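Computed from a prediction, not measured in an experiment: that's the story for all the values here. Lettering of chains follows the sequences in order, A, B, ..., and the numbering in each one begins at 1.
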Amino acid sequence: MPQTPTPTAVADAHTRIIGWFDAHARDLPWRRDECTPWGVMVSEFMLQQTPVARVLPVWTEWMRRWPTPADLAAEPSPEILRAWGRLGYPRRALRLHAAAQTIMDEHDGEVPNTAAELKALPGVGEYTSAAIACFAFDQPEVVVDTNIRRVHARAFSGRALPEKSLTRAEMSLATELMPADPEQACRWNAATMELGALVCTARSPQCRVCPVSASCAWLVAGSPEAHYQPKGQSWAGTDRQLRGAIMALLRSHDGGTALTAIRQRVEESLSPDDAQFDRCVSSLVADGLAERTGDELSLPRS
DNA sequence: AAAACGGGGCA
DNA sequence: TGCCCAGTTTT
């Protein structure tokens with residue numbers, strides 16, 4: 001277990017990383033003062049497992065079309081899934097829609113401002129609840145995402161990568177590292193995340209420009225290799241690939257499409273057997289991502 | 001604790 | 001090709 005860094009070292013890290021953030025933070029629309037809590041919430045849903053660059057245009061379009069929870073909650077058409085486009089994990093769009101409806105039903109149309117209430121919303125877990133509370137409502141919640149975990153692993157624990165899953169020790173460390181001042185705490189969260197996204201990256205960290213390279217435990221230890229081999233997820237031939245291809249087809253049509261036509265179209269690029277095709281159609285319907293009427297499949301109405 | 005869940009871009 | 005990305009939910 002890593003030792004808790006000394007108070008002096010922690011304060012120095014605060015100064016350096018927040019100072020770096022002041023100079024180098026990206027001007028992202030959901031970080032601007034005029035962005036609403038709803039805008040922050042939409043961004044956090046889209047950013048789950050999806051890089052900033054791909055989220056930007058979709059977020060802008062969503063905020064134009066559905067600027068408040070009420071607007072999204074009242075949207076009955078498949079336009080939600082169509083507007084999600086190719087962001088991936090389209091169940092996030094359904095969960096965001098459901099969350100908007102819960103906000104209407106239980107929170108008077110206002111995004112709740114506590115982590116506990118946020119976490120009760122569909123699609124909002126440990127990270128997202130803390131992030132919205134912190135970034136939209138300036139509450140000093142402990143925010144721990146993949147970027148922050150990696151920065152902590154390197155700068156304070158001397159490891160190339162964080163553990164495979166979030167550990168108690170990581171949460172304790174993140175808690176210890178939080179600045180006492182609430183405003184600084186929120187800035188620290190955003191700054192550490194940004195450092196992980198731009199400098200302390202997974203593949204080729206830019207230690208030459210890192211504000212804490214002088215004290216980085218990993219660098220000081222000689223940049224040791226990761227103690228485990230990351231296990232990537234397969235893609236070619238998987239249900240995920242086929243489900244994605246079917247969803248892309250549904251998004252490109254108004255109304256329904258015959259299952260035989262869908263099968264024919266996906267076979268232009270993929271080679272599913274009958275069992276896989278049926279399984280994927282069924283699971284999409286079960287997930288609420290598609291609707292089956294007779295021999296046709298379509299995007300569902302909400 | 002582990003698996004399922006998209007998709008694109010870069011080394 | 002393999003790996004990674006502001007994770008959550010289900011098993």
Side-chain N or O of [X] less than 4.0 angstrom from OP1 or OP2 on [N]?
X	N	answer
A:Gln49	C:dG7	yes
A:Arg243	B:dG6	yes
A:Thr128	C:dT8	yes

Assign [X] to base, sugar-phosphate, or nothing according to its heavy-atom contacts below 4.0 angstrom with the strands shown.
X	value
A:Gln233	base
A:Thr146	sugar-phosphate
A:Val124	sugar-phosphate
A:Pro230	sugar-phosphate
A:Arg149	nothing

Result of checking A:Asp239, A:Asp273, A:Asp274 against A:Arg279 for side-chain hydrogen bond (donor to acceptor under 3.5 Å, both in side chains):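 Result for side-chain hydrogen bond (donor to acceptor under 3.5 Å, both in side chains) with A:Arg279: A:Asp239.
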
Most 5' of A:Leu87 and A:Ser204 on DNA chain B, judged by nearest nucleotide: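 The residue mapped nearer the 5' terminus is A:Leu87.
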
So does [X] reach the base of [N] with its side chain, donor to acceptor, closer than 3.5 Å?
X	N	answer
A:Arg86	B:dG7	no
A:Arg92	C:dG7	no
A:Arg203	C:dC4	no

Where the side chain of A:Gln48 is defined as all heavy atoms beyond and including C-beta, which of C:dA6, C:dT8, B:dC5 is the nearest nucleotide?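 Looking only at side-chain atoms, A:Gln48 lies closest to C:dT8.
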
Can you tell me which nucleotide in C:dT8, C:dC5, B:dG6 comes closest to the side chain of A:Ala202?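 Selected nucleotide: C:dC5.
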
Do NZ/NE/NH1/NH2 and the carboxylate oxygens of A:Asp71 and A:Arg65 come within less than 4.0 Å?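 A salt bridge is absent here (no side-chain N lies under 4.0 Å from a carboxylate O).
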
What verdict does the side chain to side chain donor-acceptor pair (under 3.5 Å) test give for A:Glu117 and A:Thr114, after you've listed the backbone C-alpha separation in whole Å, the side-chain angles of each residue and the deciding distance to 0.1 Å? CA-CA 5 Å; A:Glu117 292 173 299; A:Thr114 69; 2.8 Å; yes

Is the ring pair A:Trp84/A:Trp62 parallel, tilted or perpendicular, if the boundaries are 30 and 60 degrees?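 A:Trp84 and A:Trp62: perpendicular rings.
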
